[in-house]
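So the structure is just underneath, and the comments pick up after that.
Order of the sequence lines fixes the chain letters, A, B, ..., with proteins taken first and strands second; residue numbering starts at 1 for each chain.
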There are 2 protein chains.
Amino acid sequence: MTSARDALRETILTGDYLPGERLVEATLIERFGASRFTIRLALQDLAAEGLVEIQRNRGAVVRKISLAETIEITQVRMVLEGLVAAHAAERVTAAEAAELDEIGLLMRRAVETGEHRRYSDLNQRLHALIRAIAGHGTADRLIDTLKAQQARHQIMLALVPGRPQQSLPQHEAIIAAIRARDPKAAEEAMRDHIASVIEVLKSLDESG
Amino acid sequence: MTSARDALRETILTGDYLPGERLVEATLIERFGASRFTIRLALQDLAAEGLVEIQRNRGAVVRKISLAETIEITQVRMVLEGLVAAHAAERVTAAEAAELDEIGLLMRRAVETGEHRRYSDLNQRLHALIRAIAGHGTADRLIDTLKAQQARHQIMLALVPGRPQQSLPQHEAIIAAIRARDPKAAEEAMRDHIASVIEVLKSLDESG
DNA sequence: CTGAAACTAATTGTTGACAATCGTGCGAAC
DNA sequence: GTTCGCACGATTGTCAACAATTAGTTTCAG
């Protein structure tokens, strides 16, 4: 059963196990009903993804990701998503452009009506669509890995007040650049957007 | 013994096993003198790094990396190393600046005397130094992984005629920008440099 | 009362055997 | 002669038991 791997992964990502918490194999066996071998393989896998840390003879713990590291990860995401946005601008089709436009419209509406949760969902949808348009497998895989590592910190970001008003024009700029098939502008717009995310993270560093 | 993992890794990287070749566990046990469990773990690890591909009930094969994928990987390296160069420009110390200068000087000399092998070594040393100066752990790890994946294709690039003459000024521009503590210029210079590498790769695509 | 050493319980590392699965080669039918 | 099906060999997937290591605890000497 490889599904034990995904189950464990999901459990860590949703925050059932806290960072720094020990992942004792016997406990996991009981919780997921998998054999020790399977659990062990799953932990090994998650370690390769950077979600847990395995120390020899000491077992696995949920990896603690500091705010400083979150900033590093976001910086890497900034340049990767910038690359992806540029590729999307080169490859976007008319149908995809229409889809981008629609998401942009819905985002504006969500901000106006104050539906923060919906805006967050649309945000994810937009980024996912851009990645799909770009079709850059290598960047895609890395972004997924990095996103998983910051899963916990990302939830916090969605709750920052005034954030949607700040990011909406950035999103619209990204959409406009991709629709105009301007790779350079698309990359720049995406980088500006994520750079502002980094600024928010840094301000959290100072305040907390 | 975790060393079996490194041994297998090294063996694949040096090209003893060719892309597409099957990695039968029994054979590896005999070759590396490790237990099956250890070999299995090693393969799992290498799969996570993208060096081998594991299919259920079919075992592991050395991952075949197409030229198109190599280009993708290099594009990602371009933006990552660009980020790293920018960070290096922000953090470089006087001593490090001197070291950069020295490498630049040696590179120029190596090009003038036609010592291609030496130039290639200095090239690696320069990139490694810039990464060390930047101290960006997240980007560092990813670059290492990507480099390992292209190990085979990279050897080819060093042999392209006229390449040192082309890349020397690019390297000098990178060094100058970092010494001037200009992050934006450093990133741009690094990206220009690797972009030209991508052009070489694309020309290989057309010719071969 | 404090410190170190030895013991013990908990946990992980490793091994070998067994089960499941896949690809291949043979044979028979059309 | 070709194709389909079957069985066998090779290979990987999984398991349970055993060995090694670690960390915590107790005991004893100073």
Side-chain angles (χ1 to χ4, degrees), chain A residues 1-66 141 145 148-149, chain B residues 1-66 141 145 148-149:
Chain A
M1 293 226 191
T2 309
S3 64
R5 190 192 81 102
D6 299 325
L8 176 55
R9 185 191 173 140
E10 201 64 31
T11 305
I12 292 174
L13 253 52
T14 55
D16 270 26
Y17 288 108
L18 297 170
E21 190 170 351
R22 286 192 64 187
L23 297 170
V24 179
E25 295 179 1
T27 310
L28 301 175
I29 290 169
E30 201 176 342
R31 172 153 190 178
F32 296 102
S35 76
R36 189 152 160 239
F37 183 88
T38 308
I39 292 292
R40 220 166 154 59
L41 229 61
L43 287 174
Q44 191 81 11
D45 241 37
L46 295 176
E49 274 186 76
L51 290 176
V52 307
E53 202 164 358
I54 297 180
Q55 288 174 318
R56 191 185 170 85
N57 290 322
R58 282 190 180 189
V61 298
V62 179
R63 217 184 114 200
K64 224 171 187 166
I65 293 181
S66 66
R141 275 188 293 276
T145 305
Q149 290 178 10
Chain B
M1 293 227 190
T2 310
S3 64
R5 190 192 81 103
D6 299 325
L8 176 54
R9 185 191 173 140
E10 201 63 32
T11 306
I12 292 175
L13 253 52
T14 56
D16 270 27
Y17 287 109
L18 298 170
E21 190 170 351
R22 288 193 60 187
L23 297 170
V24 179
E25 295 179 1
T27 310
L28 300 176
I29 289 168
E30 202 175 341
R31 172 153 189 178
F32 295 102
S35 77
R36 186 151 163 241
F37 184 84
T38 308
I39 292 291
R40 226 174 149 60
L41 230 61
L43 287 174
Q44 190 83 7
D45 240 38
L46 294 176
E49 275 187 75
L51 289 176
V52 307
E53 201 163 0
I54 297 180
Q55 290 175 317
R56 191 185 170 84
N57 290 320
R58 281 189 181 188
V61 298
V62 180
R63 217 183 115 201
K64 226 171 185 166
I65 293 181
S66 66
R141 275 188 293 276
T145 306
Q149 289 178 11

Among the candidates D:dT14, C:dT14, D:dC15, find the nucleotide nearest to the side-chain atoms of A:R36.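 The answer is C:dT14.
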
Taking atom [atom2] of [N] as reference, at what distance in whole Å does atom [atom1] of [X] sit?
X     : N      : atom1 : atom2 : value
B:L41 : D:dG13 : CG    : P     : 13 Å
A:Q55 : C:dT11 : CD    : P     : 16 Å
A:R40 : D:dA16 : CZ    : P     : 16 Å
A:E25 : D:dA16 : CD    : C1'   : 14 Å
A:Q44 : C:dG13 : CD    : P     : 9 Å
B:I39 : D:dT11 : CD1   : P     : 15 Å
B:F37 : D:dC15 : CZ    : C1'   : 12 Å
B:I29 : D:dT12 : CD1   : C1'   : 11 Å

Residue pair [X] / [Y], side-chain heavy-atom distance below 4.5 Å:
X     : Y     : result
B:E25 : B:L43 : yes
B:F32 : B:T11 : yes
B:E49 : B:L46 : yes
A:L23 : A:V62 : yes
A:D45 : A:L8  : no
B:T27 : B:R22 : no

Sugar-phosphate only, base, or nothing, as touched by B:I54 at under 4.0 Å among non-hydrogen atoms: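 It contacts nothing in the nucleic acid.
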
With heavy atoms under 4.0 Å as the rule, sort A:L43 into base, sugar-phosphate or nothing.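 No contact.
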
Ignoring backbone atoms, test whether B:S35 places a side-chain nitrogen or oxygen under 4.0 Å from the OP1 or OP2 oxygen of C:dG16.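 It does not, given that no N or O in the side chain of B:S35 lies less than 4.0 Å from OP1 or OP2 of C:dG16.
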
Can you pull every protein N or O that's under 3.5 Å from an N or O on nucleotides 19-25 of chain D?
unit_1: D:dT21; atom_1: O3'; unit_2: A:N57; atom_2: ND2; d: 3.1
unit_1: D:dA23; atom_1: OP1; unit_2: A:R58; atom_2: NE; d: 2.7
unit_1: D:dA23; atom_1: OP1; unit_2: A:R58; atom_2: NH2; d: 3.1

Shortest non-hydrogen contact from B:L51 toward B:A148: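 It is CD2-O, 3.5 Å.
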
